[in-house]
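Bear in mind the structure is a predicted one, so any value in this text is a computation, not a measurement.
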Amino acid sequence: NDIKGVCWVYVTPVVNISSIKINSSEIYMLTGKSRQLTVRVRPATNTDSYGWYSTDTGIVTVNDDGVITTVGPGTADVVCESTANGVSSTCTVHALGLSRSYITLEQYDSYWLDVLGTDTDDRIVWRSTISSSGQVIARKAGTTTVTAVTHNKTMTCTVRVTNIPK
């Protein structure tokens with residue numbers, strides 16, 4: 001029997017990723033928001049792959065496409081890492097939120113609001129009847145909104161003040 005076969009084998013060289021760079025190294029987002037991160041890999045033509053992960057999924061989650069979602073206030077890192085040799089890049093995510101979004105106080109009581117996800121030296125601008133340190137003082141009965149602004153992100157807390165019971 002004179003049956004013959006021919007098989008061509010092409011060997012593709014392994015080309016690992018040598019560098020990964022996320023498009024942002026540090027970002028500030030409000031809690032509950034999503035954003036797309038992208039990466040630049042070198043060499044652009046490679047046989048490697050990469051994956052994403054969060055250092056704290058209680059603060060920020062990330063999917064396989066690099067879409068991050070802030071789920072709770074605080075600070076965590078999102079990392080993109082190559083599969084073959086562990087080359088990575090990190091983006092620090094600050095998920096901003098107020099310690100409370102609604103409070104009820106009796107007249108003349110006070111309460112301290114905190115902006116979570118910030119560093120101690122970050123500048124916070126408070127608006128309404130509140131001190132520069134975040135102290136709300138209930139002056140008279142009614143409802144108002146306290147606003148905190150930092151890193152061009154605005155957060156609010158509704159404050160309801162009731163009269164002192166007689």
Please go through [X]'s hydrophobic cluster and name the other residues, only I, L, V, M, F, W, Y counting, with side-chain heavy atoms under 4.5 Å joining them.
{"X": "Val71", "answer": "none"}
{"X": "Val79", "answer": "Tyr53"}
{"X": "Val11", "answer": "Val9"}
{"X": "Val6", "answer": "Trp8, Tyr10"}

Shortest non-hydrogen contact between Arg160 and Tyr102, atoms and distance: CD-OH, 3.2 Å
Looking at Ser54 and Val60, what are the two nearest heavy atoms and their distance? OG-O, 2.6 Å
Is [X] reaching over with its side chain to a backbone N or O of [Y], donor-acceptor style, under 3.5 angstrom?
{"X": "Thr47", "Y": "Val15", "answer": "yes"}
{"X": "Arg42", "Y": "Ala44", "answer": "no"}
{"X": "Thr70", "Y": "Lys33", "answer": "yes"}

With sequence neighbours excluded, what pairs up with [X] under the side chain to side chain donor-acceptor pair (under 3.5 Å) test?
{"X": "Asp114", "answer": "none"}
{"X": "Asn23", "answer": "none"}
{"X": "Ser18", "answer": "none"}
{"X": "Ser110", "answer": "Gln135"}

Side chain proximity check, [X] to [Y], heavy atoms < 4.5 angstrom:
{"X": "Tyr50", "Y": "Asp48", "result": "no"}
{"X": "Leu30", "Y": "Met155", "result": "yes"}
{"X": "Val136", "Y": "Leu113", "result": "yes"}
{"X": "Leu37", "Y": "Val62", "result": "no"}
{"X": "Glu81", "Y": "Trp52", "result": "no"}
{"X": "Ile103", "Y": "Thr158", "result": "no"}

Pairs touching residues 56-68 that satisfy side-chain hydrogen bond (donor to acceptor under 3.5 Å, both in side chains), sequence neighbours left out: none
From OH (Tyr28) to OG1 (Thr118), nearest 0.5 Å: 8.0 Å
List for me each residue that meets side-chain contact (heavy atoms from CB on, under 4.5 Å) alongside Gln107, sequence neighbours excluded, and say none if there are none. Lys140, Val161, Asn163, Ile164
Across all chains, not counting sequence neighbours, the side-chain contact (heavy atoms from CB on, under 4.5 Å) partners of Asp109 are Leu105, Glu106
Verdict with supporting geometry, Thr156 and Thr147, side-chain hydrogen bond (donor to acceptor under 3.5 Å, both in side chains): CA-CA 5 Å; Thr156 60; Thr147 303; over 6 Å; no
Would you say that more than 12 heavy atoms from the other residues, nucleotides or ligands in this model lie under 6.0 Å from the CG of Asp121, or not? yes
Below 3.5 Å, can you tabulate the donor-acceptor pairs from side chains in residues 83-97 to any protein atom, sequence neighbours excluded?
residue, atom, partner, partner atom, Å
Thr83, OG1, Ser49, O, 3.1
Thr83, OG1, Ser49, OG, 2.8
Asn85, OD1, Ser82, OG, 2.7
Asn85, ND2, Ile17, O, 3.0
Ser89, OG, Ile22, N, 3.1
Thr92, OG1, Asp77, OD1, 2.9
His94, ND1, Thr75, OG1, 3.1
His94, ND1, Gly117, O, 3.2
His94, NE2, Glu26, OE2, 2.7

